[in-house]
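Let me begin by presenting the structure, written as structure tokens, before commenting on it.
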4 protein chains.
Amino acid sequence: SLNHSSRAMAKSKFEYVRQFETDDTCLRNCYIVVRLDGRNFHKFSEKHNFAKPNDNRALGLMTRSAQSVMEELEDVVIAYGQSDEFSFVFKRTSTWFKRRASKLMTHVASQFSSSYVFYWKEYFAEQPLLYPPGFDGRVVLYPSNRNLRDYLSWRQADCHVNNLYNTSFWTLIQKGGLTTIQAEERLKGTLAADKNEILFSDFDINYNNEPTLLRKGTTLIWEKRDEAVTKMVKLPNEEAQKEVTVTRSRKRVCPHHCDIIGDQFWEEHPDILERDDC
Amino acid sequence: SLNHSSRAMAKSKFEYVRQFETDDTCLRNCYIVVRLDGRNFHKFSEKHNFAKPNDNRALGLMTRSAQSVMEELEDVVIAYGQSDEFSFVFKRTSTWFKRRASKLMTHVASQFSSSYVFYWKEYFAEQPLLYPPGFDGRVVLYPSNRNLRDYLSWRQADCHVNNLYNTSFWTLIQKGGLTTIQAEERLKGTLAADKNEILFSDFDINYNNEPTLLRKGTTLIWEKRDEAVTKMVKLPNEEAQKEVTVTRSRKRVCPHHCDIIGDQFWEEHPDILERDDC
Amino acid sequence: SLNHSSRAMAKSKFEYVRQFETDDTCLRNCYIVVRLDGRNFHKFSEKHNFAKPNDNRALGLMTRSAQSVMEELEDVVIAYGQSDEFSFVFKRTSTWFKRRASKLMTHVASQFSSSYVFYWKEYFAEQPLLYPPGFDGRVVLYPSNRNLRDYLSWRQADCHVNNLYNTSFWTLIQKGGLTTIQAEERLKGTLAADKNEILFSDFDINYNNEPTLLRKGTTLIWEKRDEAVTKMVKLPNEEAQKEVTVTRSRKRVCPHHCDIIGDQFWEEHPDILERDDC
Amino acid sequence: SLNHSSRAMAKSKFEYVRQFETDDTCLRNCYIVVRLDGRNFHKFSEKHNFAKPNDNRALGLMTRSAQSVMEELEDVVIAYGQSDEFSFVFKRTSTWFKRRASKLMTHVASQFSSSYVFYWKEYFAEQPLLYPPGFDGRVVLYPSNRNLRDYLSWRQADCHVNNLYNTSFWTLIQKGGLTTIQAEERLKGTLAADKNEILFSDFDINYNNEPTLLRKGTTLIWEKRDEAVTKMVKLPNEEAQKEVTVTRSRKRVCPHHCDIIGDQFWEEHPDILERDDC
């Protein structure tokens, strides 16, 4: 709040209404996941001419907004996004906002949404944003590393299933000349193998060669990266300053588009998860 | 979500993680209040050169963003804002989002935040927005009309107390030439009457003549307003269309800057509250 | 707890586990209803030879146990019971146990259960209690008088529906000589009027003349009753004490077996409910 | 409930009140601890002449009641009690009562309380129970084995601290002839070592030789025990039945009075805890 004086002021007789607030502290020693979903994004994507089945500008903007959330909230150890959703994972031991669920989820929703509008131009250039978009969120707790990894696996499996469907659907329309109803009909009851086969046989598309961004979604984690920084240094015995390049190690939010269901990713980044036996 | 196929898809073995979601349905027959507060708005207001003690552009943008929330969510029957906070009241019988607290508050926080950035230019013109702002929120339930009115009275009393303080504080500095420390010292322990007296005696300011926007904050309600609409009408027996002006009654979100602690406002707008005995 | 020293003692390193407790304070200004239900009472009633369709000893013991709960907890303003269930209503403004739901419901469940065993003999005399019975409970909040009355009406309507069914069912068996399967078959699809007709035509029973205890259940409220108390008084100018009878007004828990759905009961006992507009 | 007909019955217009019930499902994959505490047990223990500092009859009755709870609820994997409190731990994967907190805690409180009265005579013989006692309860969730063990360690450490204090306190009174005020004064500010020293030097009592029941409290777990059962068997080629003794393995609730803070107990009973990494 901007009000710097409230504590010192006389309390009004209305003050009792504060007692109606309830405590929604998240259980300790659990991962706190906040997942955001776009509201009415079918309409939003049509109004803003999103490319089908995937719009790289829109995916880039989602990721940029998620990065903005993570940079504001260092306790988010990993975030995963696909389509119009993004999940943020607070570390088990986080005491951010005293673990109050309402504060955590509203702040994530707010920061993400304001960033989405703020960075729109960087991704959509001249195409104007027609109205402010909405996202809704929820909080879910996971007590063990296995539960958390299964949550992230669930979202990535969902990404795969949806992207394979959408790729097949729009290929049938855009390259196969089918109507949306015909495409839907054609895919009804098909399994993953069937869709792969349609893409390969009819359109010469090997689904596994599609970009990992689309097949795997986007995983954001903190990584230490060496960065070259230019500094002006004043050397002894010289009057003028001199430009020197220094290497600095800095923590940054970095995107990955790899599999996070298997063990490899987690073995390569052992610092994301805390131990179960604490 | 953008995914139109999820229901039909085979469920993965990870699906069990959905069971960790908890139900946060708000108790029926209670008013649901979502209050938003600006995050780090001291810094934000300084970086963006907000006028002291009040910046009309910033207050206007807050109100515009709140209007955007109400237009998205018709079940909000009244909203009240002051400084960097805004409260939204959902009607008792609302079933919006199945009364799920997390959905309600994240959607309000999201819509408000994206609107704040979206409408920034309308209020700040050439002054650029430097970074995306954040708001956090909470949900509070009020079972009776009395409780709800006391909640709103609490916020309006807070507005008064803070604005009187801030007006005195900045007048001492801007017109009286005091430093911030001297001004703080001067006001320490003063009551409302003392501050009124300082403003009047030393600076010839009658606080009661200050704008109601600042003293009373902003109350938003739905009102039926007659609007003149221009329509092209094709008259019988004529070939050309003719322009006619038609009066239409339309519900609109309208701002008020009046007292909402006393009974008058509520008697003039009897439709805002539902009856207690239902 | 019996431990009178805990506050003063050194805290162990395990103390942190207390932080895992969550706050479950009930929303203010709402009636708090705790309802208990017998666990496996079909089996319990058979093992203890409860009379069918109603056992007056069992109903008396339920009421006695409920009285014991109310005498322990003065903030219970009304209780309603039927069959193997009992509901206890805490007044809106109760601050008993700081309105913590877990404390309220476990204490009610505990007191009721220990009383049930304690008073067993008063109702079942020589028939022994074979094993300790169990009751489970829940907490529900009601914001308005209308909601609370509708809750109690719901339970009394349930009492009526079940008692009419059970009376018909057991009359068909006990007086009509039907098997349980035949009786069930006979009643399938019948409405209240049909069951009344069966009882009247075939068995000459006017259901409306059945005891109100069975048709209406038991309502417990606090009532001021004048009681004659014998006191020993030492009169002035006399050496010996003398026995005198004094009338005292005392609050007591009193049972009623009347309709609580209509307005009459509530008009006759205006002090049970608090006003809605507070 | 005893009502076997409710589902089939016409729903009354009051039925809507069921929607006011809230879901209180416990988070999955967490241990659910229900702790009971005696209500006003200072008074209860005085009225029933409990021996000081410990009454073996009372402790025995607490344990008997806890056993009754565990036998009713197989998902309780361990229970720990001391003084007038008992904690029950439901296994992580329990789906008992659909993990609804209210049902779990009220059932435990109810079963414990009715058992306490039911088994009173077995422990207090001719001394009558004067009134039905009350216990209140709470639910706490623990996500990891470490958290759960720390919870139990916390309770056992509390047992130690209190029992050492109480033993010293009552020894000073009963053997040292001090008043309660003097005894309190004597112990003020003393550490564990000081109390051990007082007992040893002044009263020749080695605290470590006190019964483990008092120093360590009571831990209840399920154990497979071989039991000799007498059966009547009809042998082939013989007409008469013959009595034979058969050994059967049966799960039973068994009490321990050992340390549960260290690792030994848990290594000896590896089946109590489930793995963290599930």
Side-chain angles (χ1 to χ4, degrees), chain C residues 1-6 9-10 12 14-18 20-22 36-39 41-42 45 68 72 83-85 97 101-103 105-107 109-119 129 131-142 147 150-151 153-154 157-158 161-162 165, chain D residues 1-6 9-10 12 14-18 20-22 36-39 41-42 45 68 72 83-85 97 101-103 105-107 109-119 129 131-142 147 150-151 153-154 157-158 161-162 165:
Chain C
S1 163
L2 276 173
N3 295 331
H4 55 112
S5 47
S6 48
M9 294 292 166
S12 73
F14 308 120
E15 197 85 13
Y16 81 92
V17 296
R18 299 185 74 169
F20 287 70
E21 291 191 29
T22 52
L36 300 181
D37 286 283
R39 282 269 301 158
F41 254 54
H42 270 296
S45 65
S68 164
E72 275 292 303
S83 186
D84 62 340
E85 72 166 57
F97 268 136
S102 55
K103 297 283 193 166
M105 69 181 133
T106 53
H107 189 60
S110 167
Q111 193 68 36
F112 190 91
S113 304
S114 64
S115 300
Y116 195 93
V117 180
F118 188 81
Y119 294 113
L129 177 61
Y131 58 88
F135 296 85
D136 59 64
R138 77 194 74 197
V139 160
V140 198
L141 302 179
Y142 290 107
N147 295 151
D150 285 349
Y151 170 79
S153 297
W154 175 49
D158 189 80
V161 164
N162 279 294
Y165 183 93
Chain D
S1 165
L2 276 175
N3 296 332
H4 53 111
S5 48
S6 49
M9 296 293 166
S12 74
F14 308 120
E15 196 85 13
Y16 82 91
V17 296
R18 301 186 72 169
F20 287 70
E21 292 191 28
T22 51
L36 299 180
D37 286 284
R39 284 267 301 158
F41 254 55
H42 270 296
S45 65
S68 165
E72 275 292 303
S83 186
D84 62 340
E85 72 166 58
F97 268 135
S102 56
K103 298 283 193 163
M105 68 181 132
T106 53
H107 189 61
S110 167
Q111 192 69 36
F112 190 91
S113 304
S114 64
S115 300
Y116 195 92
V117 180
F118 188 81
Y119 294 113
L129 177 62
Y131 58 86
F135 296 85
D136 59 63
R138 77 194 74 197
V139 160
V140 198
L141 301 180
Y142 289 107
N147 295 151
D150 285 348
Y151 170 79
S153 297
W154 177 49
D158 188 80
V161 164
N162 279 293
Y165 183 93

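Chain letters run A, B, ... following the sequence lines, proteins first, then strands; residues in each count from 1. A quick note: this is a predicted structure, and the numbers were derived from the prediction, not measured. Just the heavy atoms: all of them, side chains too, but no hydrogens, waters or symmetry mates, feed the values below.
The NE2 atom of C/His107 sits 7.5 Å away from the CG atom of D/Asp136 when rounded to the nearest 0.5 Å. The CZ atom of C/Arg39 sits 7.0 Å away from the CD atom of D/Glu72 when rounded to the nearest 0.5 Å.
Chosen from D/Pro132, D/Ala109, D/Ala101, the residue pairing most often with chain C at heavy-atom distances under 4.5 Å is D/Pro132. When each of C/Tyr119, C/Phe118, C/Tyr142, C/Phe20 is checked for heavy-atom pairs under 4.5 Å with chain D, C/Phe118 comes out on top. Each of D/Trp154, D/Tyr151, D/Tyr16 has some count of heavy-atom pairs under 4.5 Å with chain C, and the biggest count is that of D/Trp154. Between chain D and the residues C/Leu36, C/Asp150, C/Val140, the most heavy-atom pairs under 4.5 angstrom are made by C/Asp150.
Using a 4.5 Å cut-off between heavy atoms, C/Ser115 contacts chain D through both its backbone and its side chain. Neither the backbone nor the side chain of D/Tyr116 has a heavy atom closer than 4.5 Å to any heavy atom of chain C. With a threshold of 4.5 angstrom between heavy atoms, C/Arg138 approaches chain D through its backbone and through its side chain. For D/Phe97, the part lying under 4.5 angstrom from a heavy atom of chain C is the side chain only. Within the 4.5 angstrom heavy-atom criterion, atoms from both the backbone and the side chain of C/Leu129 approach chain D. Residue contact with chain D, scored on non-hydrogen atoms closer than 4.5 Å, is absent for C/Phe112.
Nearest heavy-atom pair, D/Asn147 versus C/Val17, reported as atom, atom and distance to 0.1 Å: O-CG1, 3.8 Å.
One N or O on the side chain of D/Ser12 and one on the backbone of D/Phe14 form a donor-acceptor pair closer than 3.5 Å.
Residues C/Ser68 and D/Tyr131 are not in side-chain contact: their nearest non-hydrogen atoms beyond the backbone lie 4.5 Å or more apart.
Listed by chain and residue number, nothing satisfies the side-chain hydrogen bond (donor to acceptor under 3.5 Å, both in side chains) test with C/Ser114 (two or more places apart in sequence, or in another chain). D/Ser110 meets the side-chain hydrogen bond (donor to acceptor under 3.5 Å, both in side chains) test with C/Ser113; sequence neighbours excluded.
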